[in-house]
Novice: 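My structure is below; once you've seen it, I'll send some questions.
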Amino acid sequence: MPRPRKRLAGTADPDKKRLSGKRTKTENSGEASPQVENSSPQNTSSSEICVKNLSRYWLMKSEPESRIEKGVDVKFGIEDLKAQPKHTTCWDGIRNYQARNFLRAMKLEEEAFFYHSNCKEPGIAGLMKVDVQFVRMMKRFIPLAELKTYHQAHKATGGPLKNMTLFTRQRLSVQPLTKEEFDFILSLEKKEPS
DNA sequence: GCCAACGTTGGC
DNA sequence: GCCAACGTTGGC
């Protein structure tokens, strides 16, 4: 069943459902499993993503445009994050196992890109730190199309975005980035839009 | 709004 | 455990 991406919750709200909110029976393993940070480096999935998991940089998707789902507007763009008390929100509403495991693997203060999805212009809008708090806008919006162009080129040249999860794992709403990917994307801010 | 990709469900 | 049907994600 639905209940996709982010649904906001101010700092002040204790009630709301947390990201671990139990739903149907199918939750199995995911729920019971404890912190990922504990000694056991249990494998989440593909080894490749596991490795990235150690990189401690993230990309999190959210929809900046209004869309009603089950009577609730799922809109939550970077401006909405900024508008939260303390610029902070709690990232709930994630059901996909893999995405949830990544949420659990995050540590405070790690950096994450805020990605706008399912909208007119998809792409990376800003920076957050895990907490989840707004840090700053990108100096310029980095469109998906531009990232895709680099991804394609890097597949041939072995550049930093050659394995970017955004393109290799479609539909994953919380994903890890390598330091190389993260730094390269930050470097794009200073470049002219391609 | 369309639809490809892909995750989930459930019958067998 | 297989796999068809179904539901969701998200670009275009």
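Quick note on labels: first sequence line is chain A, next is B, and so on, each numbered from 1. On a predicted model such as this, the values are computed, not experimentally measured, just so you know.
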Novice: Measuring centre to centre across the rings, with the benzene-like ring taken for any Trp, is A:Phe102 within less than 6.0 Å of A:Trp91?
Specialist: no
Novice: Rounded off to whole Å, could you give me the CG-to-P distance for the A:Leu166 and B:dA5 pair?
Specialist: 16 Å
Novice: Roughly how many Å is it from CD1 in A:Ile124 to P in C:dG10, rounded to a whole number?
Specialist: 14 Å
Novice: Looking for any heavy atom pair under 4.0 Å, which part of the strands does A:Lys120 touch: base, sugar-phosphate only, or nothing?
Specialist: nothing
Novice: Starting from P on B:dA5, measure out to CZ on A:Arg169 and report it in whole angstrom.
Specialist: 16 Å
Novice: Please report the distance, rounded to the nearest Å, between CD in A:Glu69 and C1' in C:dT9.
Specialist: 10 Å
Novice: Between A:Lys61 and C:dG10, does any side-chain N or O lie under 4.0 Å from OP1 or OP2?
Specialist: yes
Novice: Just N and O in the side chain of A:Lys148: are any of them under 4.0 Å from OP1 or OP2 of C:dC12?
Specialist: yes
Novice: Between atom CG in A:Leu144 and atom P in C:dC12, what is the gap in whole Å?
Specialist: 5 Å
Novice: Among all residues two or more places apart in sequence or in another chain, which pass the side-chain contact (heavy atoms from CB on, under 4.5 Å) test with A:Glu111?
Specialist: A:Tyr57, A:Leu127, A:Phe182
Novice: Which whole-number value in Å describes the distance from A:Arg67 CZ to B:dG1 P?
Specialist: 13 Å
Novice: Where does the angle between the aromatic ring planes of A:Phe167 and A:His151 fall among parallel (under 30°), tilted (30 to 60°) and perpendicular (over 60°)?
Specialist: parallel
Novice: Rounded to the Å, how far apart are A:Leu147 CG and C:dG11 P?
Specialist: 11 Å
Novice: Base, sugar-phosphate, or nothing for A:Tyr115, non-hydrogen atoms under 4.0 angstrom?
Specialist: sugar-phosphate
Novice: List for me each residue that meets side-chain contact (heavy atoms from CB on, under 4.5 Å) alongside A:Ser66, sequence neighbours excluded, and say none if there are none.
Specialist: A:Asp73, A:Lys75
Novice: Choose from B:dT8, B:dA5, C:dG10 the nucleotide whose nearest atom is closest to any side-chain atom of A:Ser173.
Specialist: C:dG10
Novice: Tell me: CD of A:Gln170 to C1' of C:dG11, nearest whole Å?
Specialist: 8 Å
